[in-house]
Amino acid sequence: MYRLIKTEGSARRGEFVTPHGTVQTPAFMNVATCGAIKGAVSALDLKNLKCQVQLCNTYHLHLRPGDETVRKLGGLHKFTRWDGPILTDSGGFQVFSLAKLRNITEKGVTFASHIDGHKIFMGPEESMQIQSNLASTIAMAFDECVENPAEYEYARSSCERTIRWLYRSKAEMNRLNSLPDTINKQQMLFGINQGSTYDDLRIDCMKRIRELDLDGYAIGGLAVGESAEIMYHVIETVEPEMPKDKPRYLMGVGTPANILESVRRGVDLFDCVLPTRNARHGHAFTWEGCRNMFNAKYELDDQPLDTACNCPTCRNFSRAYIHHLFKSGEMLAMRLCVMHNIYFFNSLFEKIRESLDQDRFSEFYEHNITKISQRI
RNA sequence: GGAGGAGUUCCAGAGCGGUCAAAUGGGGCAGACUGUAAAUCUGUUGCUUUACGGCUUCGAUGGUCCGAAUCCAUCCUCCUCCA
């Protein structure tokens with residue numbers, strides 16, 4: 001259940017109530033694809049990093065360790081020791097990112113496993129079954145994420161199929177939630193808006209999927225090749241058609257600037273690999289901008305990554321030390337930087353919520369939008 | 001004392017008469033990354049020029065040759081083996 005607390009322009013401050021806890025929105029969902037935040041960060045660490053929601057992946061966990069295995073072990077919450085809400089992505093993005101290894105039909109998609117090449121079939125029913133076994137709080141509908149730019153006709157027919165898949169996802173989820181052996185019988189389902197960069201497709205898709213009265217609605221197929229301006233335009237186009245009483249989730253986005261722009265346009269939930277992947281690659285997000293900790297200028301810099309940050313990394317370690325750890329290939333470099341970036345992203349959302357609570361989001365936006373996106 | 005071997009660009013190490021400013025690693029310096037096939041990938045790494053190009057490099061010094069990192073002589077330094 002979603003409760004809208006207040007708005008400022010299109011920006012929304014709300015609460016998303018789930019069986020595993022209430023999410024204060026806008027919120028960031030921390031990506032733990034294989035059941036762990038990459039960079040040696042566990043669910044226990046997440047408790048100290050202002051994390052509210054963990055995101056795991058259907059496709060990856062189906063391959064390893066296998067969703068049946070996770071089910072036998074009591075579901076993802078027990079398995080990963082994260083007791084807050086968990087959202088599982090449906091595997092739809094892998095249809096896109098493993099494009100060379102696939103074959104799409106009306107029934108579903110045949111993948112070649114990225115691990116050993118063996119054939120895997122996944123359609124809406126299979127995706128729901130896997131997510132039910134994983135027992136996440138929120139399941140995502142099985143969709144196709146189309147790369148931009150896309151031909152209109154392909155975007156249209158793909159979007160139509162994604163909508164048909166959504167009906168099947170919904171029916172299968174209802175069935176699974178009613179089975180006696182299902183771990184989480186209250187598993188929620190989010191639908192996904194597609195339609196590439198075409199306004200009419202996006203609007204038509206949104207109007208049709210909102211009929212299903214799902215637990216939340218995602219905007220998918222963005223940040224996959226189009227410019228940021230086009231992405232913002234698509235959000236502005238779709239947002240008026242999205243239910244006011246359901247959480248809106250912008251999938252896979254994004255940079256701190258993308259997030260500020262999207263919150264301003266009415267988005268409640270986000271997820272992105274940027275804070276963790278870039279951290280592993282030596283980049284630290286700060287309120288001053290993004291730092292590349294490999295850069296020689298940090299060799300003798302005794303300050304914390306972000307002088308305004310209160311994360312476990314910044315409370316204890318210097319830029320010089322982290323620079324040294326990266327140059328030395330120590331995995332502690334990644335762990336410290338990943339923890340910082342996760343804390344930073346979750347803090348960014350905390351500050352966004354505070355500013356909304358105090359009716360000064362636009363001021364917060366103006367103050368940060370330029371600085372936060374620069375490289376320093 | 002005798003017999004061999006080796007000295008190459010930041011390091012290791014190829015090259016053994018022209019197509020060599022010199023392969024390939026590493027290191028250095030930067031860049032990318034947006035529902036994670038990613039602790040990954042890319043660029044760059046003698047000086048100079050916007051570029052074409054020019055200039056100086058392969059232990060040192062001389063020499064042979066149209067032309068030398070590559071051939072010859074001497075010297076210096078290291079390594080191995082035999083006394």
Side-chain angles (χ1 to χ4, degrees), chain A residues 28-41 53-61 63-64 87-102 111-117 120 127 136 138-148 162 190-194 216 218-228 231 249-259 261-262 267 269-283 285 290-299 323 325-338 341 345 373 375:
Chain A
F28 188 68
M29 305 196 282
N30 300 258
V31 181
T33 302
C34 297
I37 304 279
K38 291 187 193 300
V41 174
V53 186
Q54 190 178 52
L55 183 150
C56 301
N57 190 285
T58 297
Y59 165 76
H60 296 261
L61 291 168
L63 288 188
R64 238 176 359 205
L87 181 143
T88 39
D89 188 24
S90 63
F93 185 72
Q94 280 62 44
V95 177
F96 155 75
S97 68
L98 301 170
K100 288 179 186 134
L101 311 172
R102 75 182 187 189
F111 291 82
S113 157
H114 72 278
I115 298 168
D116 61 9
I120 307 155
S127 178
S136 58
I138 304 146
M140 293 305 298
F142 188 70
D143 69 332
E144 183 192 1
C145 179
V146 176
E147 183 174 18
N148 292 322
T162 287
F190 279 20
I192 304 174
N193 174 263
Q194 290 288 351
I219 303 173
L222 290 181
V224 284
E226 82 288 354
S227 69
M231 175 169 83
Y249 164 29
L250 179 57
M251 305 186 79
V253 175
T255 64
N258 291 158
I259 287 165
E261 296 290 358
S262 303
V267 177
L269 295 169
F270 297 81
D271 82 282
C272 192
V273 304
L274 227 46
T276 48
R277 180 186 289 165
N278 283 19
R280 275 176 277 129
H281 297 168
H283 288 234
F285 290 93
C290 186
R291 299 181 185 283
N292 181 348
M293 297 314 296
F294 276 97
N295 288 178
K297 62 186 171 190
Y298 297 117
E299 191 173 3
H323 168 76
L325 294 177
F326 270 115
K327 303 286 289 190
S328 304
E330 289 292 336
M331 68 176 172
L332 180 60
M334 293 184 196
R335 177 170 154 82
L336 293 179
C337 203
V338 166
N341 280 357
F345 269 63
S373 57
R375 287 187 173 71

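Since the structure is predicted, the reported quantities are computational estimates derived from the model, not experimental observations. In what follows, every chain begins at residue 1, and chains take the letters A, B, ... in the order their sequences are listed. Excluded from the calculations below are hydrogen atoms, water molecules and symmetry mates; all remaining heavy atoms, backbone and side chain alike, are included.
Comparing the same atom, C1', in B:rA22 and in B:rU45 gives a spacing of 14 Å after rounding to whole Å. Separation of the P atoms belonging to B:rC11 and B:rC66 is 36 Å when rounded to the nearest angstrom. A distance of about 40 Å separates the P atoms of B:rA37 and B:rA51, rounded to the whole Å. The P atoms of B:rC75 and B:rG54 are separated by 38 Å, rounded to the nearest whole Å. Between B:rU42 and B:rG46, the two C1' atoms lie 23 Å apart (nearest whole Å).
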Can I get a per-line list of side-chain donor-acceptor pairs under 3.5 Å for residues 270-277 of chain A, giving both atom names and the distance, sequence neighbours left out?
unit_1: A:Asp271; atom_1: OD1; unit_2: A:Tyr249; atom_2: OH; d: 2.6
unit_1: A:Asp271; atom_1: OD1; unit_2: A:Gly252; atom_2: N; d: 2.8
unit_1: A:Thr276; atom_1: OG1; unit_2: A:Val273; atom_2: O; d: 3.0

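Of the side-chain N and O atoms in A:Asn57, one or more sit less than 4.0 angstrom from OP1 or OP2 of B:rU36.
On a pure distance criterion of 3.5 Å, a polar donor-acceptor pair joins the side chain of A:Thr276 and the base of B:rU36.
Taking the side chain as every heavy atom from C-beta outward, A:Asn295 and A:Asn292 approach each other to under 4.5 Å.
With a cut-off of 3.5 Å on both pairing distances, the Watson-Crick or G-U wobble partner of B:rG25 is B:rC11.
Whole-Å rounding puts the A:Glu299 CD to B:rA30 P distance at 11 Å.
Classification of the A:Phe285-A:Phe345 ring pair by plane angle, with boundaries at 30° and 60°, yields perpendicular.
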> For every nucleotide of nucleotides 38-44 of chain B, 5' to 3': is a protein heavy atom under 4.0 Å from its base (B), only from its sugar-phosphate (S), or from neither (-)?
Replying inline: BBB----
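Ring centroids of A:His114 and A:Tyr59 are separated by less than 6.0 Å, placing the two rings close together.
Shown here are the salt bridge (Lys or Arg N to Asp or Glu O under 4.0 Å) partners of A:Glu226, two or more places apart in sequence or in another chain: there are none.
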